[in-house]
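Chain letters run A, B, ... following the sequence lines, proteins first, then strands; residues in each count from 1.
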2 protein chains.
Amino acid sequence: MIDYSILVKSPLFNGISEEECMTLCSKIHYQVRKFEKDAIVVQGGEEVTNLFVVLSGSVRGEMIDYSGKTVKIEDIEAPRPLAAAFLFGKENKFPVTVTANKKSELLAIPVVEFLKLLQLNTRLLRNYLNNISTRAQFLSQKLHFLSFKTIKEKVAHFLLQQAGDRFHSFELKNTQQQLAELFGVTRPSLARVLGEMQSENLIKIEKKTVTLLDKEGLNSLLENG
Amino acid sequence: MIDYSILVKSPLFNGISEEECMTLCSKIHYQVRKFEKDAIVVQGGEEVTNLFVVLSGSVRGEMIDYSGKTVKIEDIEAPRPLAAAFLFGKENKFPVTVTANKKSELLAIPVVEFLKLLQLNTRLLRNYLNNISTRAQFLSQKLHFLSFKTIKEKVAHFLLQQAGDRFHSFELKNTQQQLAELFGVTRPSLARVLGEMQSENLIKIEKKTVTLLDKEGLNSLLENG
DNA sequence: ATCATTTTGTAACAATTGATACATTTTGCC
DNA sequence: GGCAAAATGTATCAATTGTTACAAAATGAT
């Protein structure tokens, strides 16, 4: 029924042997559901009562906006789990409608059964906790970024974070375009701010190398926020 | 040692009886640590190896900025847990330095022991998962909000979300000030936009009652983002 | 009912950012 | 080295939002 060699490659079951995985699954109720191309797996807004793991094929998340148009969000290929972050919590509803890209098989484990699994296997529990925690931490960090009002503040925070306790000089690994997207601003605006910060002798940029000339000054940009 | 009547009031142990709680704790290793006023509980950047629950007194989170100044973040009173969201995940380090506001007692449970607890008691597991999931969902929603560029878009999204499929009229439960903070804008700016949207006959506001006059119009504000 | 406090409406001006366009520099490839 | 493509620097103007200030309205307590 289940191809365990695929399942153990999923982030959730990572580090668990195929045998163990099989034993675990034998102890709970689950379903393997098959979907034809373009079949709807779950409707957005529906309550999340199952953990889904894509066993074969691929599905896509689509958000339906208020006017009825669909906007593609992301593809999920085997063996990734689906909406794992929405199994619990106050608003455990699917944020998106999920549709099969092609003929696909999905493992569906009811929440109560998944809870049993988590209590049976420490590695699985750790995997799941790490998964949603990492996600939360990512969101938290991204939010922290956006909490800075001006582009200057965002840049200052980014540079200080990148530099850390290391040297005052380091290599930029992103283009201005990529940084602009990270900050949620336009590329010329970012360039303008970088220029201003150079003429204020806060930083110096040569090709891809950034030098922090005045860490104190960069700090003070953040404090007065 | 532990005052279980307090512990069961914490969000983590909510719904678990004092007896059960006592039995659970007897099965694991833990410490009750006492801190004098202004003693440092944990240093920011330190790895999170324990789950802390404030049993008595209160502690405060303080962030140390790049120049060394401390900024108070929040107070945590008994019986709330500490940094519960940072127990797992890639970056499981304390984001803040935690200091005792007054003489306080904290329960410290090592991560591995806490994992045991989670596997022993389903209610505790559910509580914890709900706790961090709700947090992640809150962050996710907040992030979604900030992804809208203009205030009008944010307001339109908020109103359509609040209304849902229900009537076109509903009660606002927040003040403009609170909404402004949710959107990350200033209060006068929000008021101005609300005024504009009224004169454009998109919405009508009477005291705390909002009526959506033109859902289509509100939608179109979002699509052109 | 009245008064103090909070909330809301509104206005004028400043500051920041976006949009667009174009020149210049850098990069990668042949 | 030379060329095309990508990345960057820069300028101008428009649009949005913040800032500050004050008056009107609503709320809540005595």
Side-chain angles (χ1 to χ4, degrees), chain A residues 142 145-159 162 169-213 217-218 220-225, chain B residues 142 145-159 162 169-213 217-218 220-225:
Chain A
K142 179 109 187 174
F145 247 122
L146 294 177
S147 76
F148 293 112
K149 284 182 192 128
T150 67
I151 301 181
K152 234 173 205 169
E153 283 169 10
K154 291 177 190 182
V155 172
H157 177 254
F158 175 79
L159 293 178
Q162 289 286 312
S169 244
F170 58 94
E171 295 286 310
L172 267 186
K173 286 173 187 166
N174 313 297
T175 66
Q176 287 190 6
Q177 181 59 54
Q178 291 172 324
L179 288 181
E181 280 166 15
L182 175 64
F183 298 160
V185 301
T186 60
R187 205 267 314 160
S189 292
L190 174 61
R192 169 170 46 201
V193 167
L194 288 176
E196 283 171 14
M197 290 174 86
Q198 286 193 82
S199 54
E200 288 166 12
N201 287 320
L202 290 170
I203 60 176
K204 193 171 66 178
I205 301 182
E206 288 161 313
K207 309 224 174 159
K208 288 287 186 186
T209 304
V210 183
T211 307
L212 307 189
L213 299 176
L218 291 171
S220 65
L221 287 178
L222 299 182
E223 289 165 33
N224 313 329
Chain B
K142 179 109 187 176
F145 253 120
L146 293 177
S147 75
F148 293 113
K149 283 183 194 131
T150 68
I151 301 181
K152 235 173 203 166
E153 284 169 10
K154 293 177 189 182
V155 172
H157 177 256
F158 176 79
L159 293 177
Q162 289 287 310
S169 242
F170 58 93
E171 295 285 310
L172 268 186
K173 286 172 187 166
N174 312 299
T175 67
Q176 286 190 5
Q177 180 58 55
Q178 292 171 324
L179 289 182
E181 279 165 16
L182 175 63
F183 299 160
V185 302
T186 60
R187 207 264 316 157
S189 293
L190 174 61
R192 171 170 45 201
V193 166
L194 288 176
E196 284 171 13
M197 291 174 87
Q198 285 192 83
S199 55
E200 289 166 11
N201 286 319
L202 289 170
I203 60 176
K204 194 172 66 177
I205 302 181
E206 290 161 311
K207 308 216 176 170
K208 288 288 185 184
T209 304
V210 183
T211 307
L212 307 190
L213 300 176
L218 291 172
S220 66
L221 286 177
L222 298 183
E223 288 166 35
N224 314 330

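- Listed for the Gln198(A) side chain is no donor-acceptor partner under 3.5 Å among the backbone atoms of Gly195(A).
- The shortest heavy-atom contact between Phe158(A) and Leu182(A) is CE1-CD2, 4.1 Å.
- Looking at which nucleotide of DNA chain C each of Arg187(A) and Gly184(A) is closest to, the 5′-most match is held by Gly184(A).
- Here Thr175(B) lies in heavy-atom contact (under 4.0 Å) with sugar-phosphate atoms only.
- Side-chain N/O atoms of Gln176(B) include none lying less than 4.0 angstrom from OP1 or OP2 on dT6(C).
- Heavy atoms of Thr150(A) sit under 4.0 angstrom from primed sugar atoms or phosphate atoms, though from no base atom.
- The 12-atom threshold is exceeded at NZ of Lys208(B), counting heavy atoms of other residues, nucleotides or ligands nearer than 6.0 Å.
- For Glu181(A), the salt bridge (Lys or Arg N to Asp or Glu O under 4.0 Å) criterion is met by no residue, not counting sequence neighbours.
- Between Thr186(A) and the phosphate of dT17(C), there is no side-chain N or O to OP1/OP2 separation shorter than 4.0 Å.
- Between Arg192(A) atom CZ and dA15(C) atom C1' the separation is 11 Å, expressed in whole Å.
- Checking dG18(D), dT17(C), dT10(C) against the side-chain heavy atoms of Ala191(B) singles out dT10(C) as nearest.
- Computed from coordinates, the Glu196(A) CD to dG9(D) C1' distance equals 13 Å when rounded to whole Å.
- Nucleotide dG9(C) holds its P atom 13 Å from the CD atom of Gln177(B), rounded to whole Å.
- Rounded to an integer number of Å, the gap from Gln198(A) CD to dG9(D) P is 7 Å.
- In this structure, the CG atom of Leu190(B) is 16 Å from the C1' atom of dT19(D), given to the nearest Å.
- No contact: Leu194(A) has no heavy atom under 4.0 Å from any strand.
- Atom-to-atom distance recorded for Phe183(A):CZ and Gln176(A):CD is 10.5 Å, nearest 0.5 angstrom.
- Distance Met197(B) CE to dG9(C) P: 14 Å, rounded to the nearest Å.
- Counting any heavy atom pair closer than 4.0 Å across all strands shown, Lys208(B) reaches sugar-phosphate atoms only and no base atom.
- Put simply, CD on Glu206(B) is 15 Å from C1' on dA26(D), counting in whole angstrom units.
- Regarding Leu172(A), its CG atom lies at a distance of 13 Å from the C1' atom of dA7(D), rounded to whole Å.
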